[in-house]
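Whatever order the structure lists them in is the order used to number ligands and atoms, beginning at 1.
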Amino acid sequence: MEINNLTIGKFHEGLLKKQFSAFEATEAFFNRIGEKDGEIGAYLRLTKDLAFSQAKKADADIAEGKKTGILAGVPLAIKDNILIEGEPATAASKILANYRAAYDATAVKKLKDGGAVFLGKTNMDEFAMGSSTENSAFSAKGGSASGGKITRNPRDPERVPGGSSGGSAAAVAADMCVAALGSDTGGSIRQPAGFCGVVGLKPTYGSVSRHGLIAMASSLDQIGTLTKTVEDASILFKAIAGKDEMDATSVNYQSQVDYRPENVKKLKIGLPKEYFIEGTDKNVLAAINGVIENLKSLKMEFKEISLPRTKYALSCYYIIMPAEVSANLARFDGIRYSRITNHESRIMNLMDSYLKNRGEGFGEEVKRRIILGTFVLSSGYYDAYYAKAQKVRRLIKEDFDRAFEEVDAILTPVSPTTAFKIGEKTDDPLAMYLSDIFTIPVNLAGLPALSLPAKTDGLPVGFQLIGKPFREADILGIGRFFEESVQGLI
Ligand code: GLN
């Protein structure tokens, strides 16, 4: 039996029917990783000891007839900015090269309690800053890596997997795990999901605890899922969501997904004209139009809407995000979390050690954002930049509020292009930033959004379903309906 391409539901079935044990399944995944990951480079590190002990525990629980949940024995991959107690967590940065997590992220703890198996930690852009995973300090181009490799797109290894959760998306797409966790600050789950042809869910801000997620920009960051199907996304989301006293922004709520087509069809979908613009790749537009046609033929109702402040979103994000980055990353001094020892020159005094640790420990993109963030927060410029961007953020949120008075969900492309070639955008930060033009407004407004594969013959194209706050159920319902009726999955 082929174990590697199973969905969570099918895996659970197989396990309960004793078609395989959790231990055998874990072995099968490590074999697959052994065959494939030399080329793809999705994983930074495997956590074999942990995985096998979790698998044995799942098998023992089943043998003893204990109640086993849907995630028992399910092999998962975890992005390297999410903490697993006792394991290294580097966020793909040299400055954390020797750091080991002292505790579990709440999302990880919940998955552990659910009996899941962790195969390893996946590659990413350093501190989640980037759209291609090329900003990892542990990829060949980033230097410093001990045998580091570039993460490649399993659908075309000459291309990037997207980012920053590129390793997680590639691992799911190449059947090197059943599902994975990622994080999304401006598109980092949805864009790689789109590029690799898998399903990505960025939950509502506050629905999943950020405790144990290495912070990038705290008002925008959310942990979310990368999976093979929409159903898997709902299973995994349900497992990690909920109030956590360690994250004051987290909230409690029950999101029951109603998959019945007759109810899904009652939801009205908005098409914002600002997202169907010139400059978008024609293959992307054709695929998205195909999705709309498919759903129309299934009697879903559409309405053209307007989100007029969309054009300010990218500029607004590139003020607020770096401001938060500069504050969050101030804690990394190269002493407290992990020591940098192999300096290029001798350390003269304490200040010198800070400067050298940070100078050598952070990559170019991270430094660019720290400098930008420090500038927009500096006293003479605070009102002109940061305070203004906060006001614009509010207006962007109001655009969505108004639109959601008329529609229940919004459909857009995920990215203006399909996966680009490795190296194509590394020298042009602005071109790289534009990759997130359709995903960033969602983070600014704190909304949930789902990225799922459209039907194409060529490279994968993702379409995005944006929902009302805490209405993950709506977009998951529409997504599943699409998978079932159009893709013929399930
Ligand atoms: N690519 C965007 C950035 O570089 C988003 C990153 C993210 O969501 N973590 O900021």
Checklist line | Set of residues that line ligand 1, where lining means a heavy atom lies under 4.0 Å from it | finding: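 Within 4.0 Å of ligand 1, the protein residues are Ala128, Met129, Gly130, Ser131, Ser164, Asp184, Thr185, Gly186, Gly187, Ser188, Met216, Tyr317, Tyr318, Arg369, Asp436.
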Would you please name every residue forming a side chain to side chain contact (heavy atoms under 4.5 Å, CB included) with [X], sequence neighbours left out?
X: Ile292; result: Leu271, Phe276, Ile288, Asn289, Lys296, Phe302, Leu411
X: Ala287; result: Ala454, Thr456, Val461
X: Arg368; result: Glu364, Glu365, Pro429, Tyr433

Notebook entry, point to check: Do Asp281 and Thr417 have side-chain N/O donor and acceptor atoms under 3.5 Å apart?
Noted result: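 Per modelled atom types, Asp281 and Thr417 side chains form no pair under 3.5 Å.
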Notebook entry, point to check: Does the side chain of Gln222 come within less than 4.5 Å of Pro448's, by heavy atoms?
Noted result: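 Contact flag for Pro448/Gln222 side chains = no.
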Check: Do the ring planes of Phe463 and Phe482 sit parallel (below 30°), tilted (30 to 60°) or perpendicular (above 60°)?
Finding: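 Perpendicular: the ring planes of Phe463 and Phe482 meet at over 60°.
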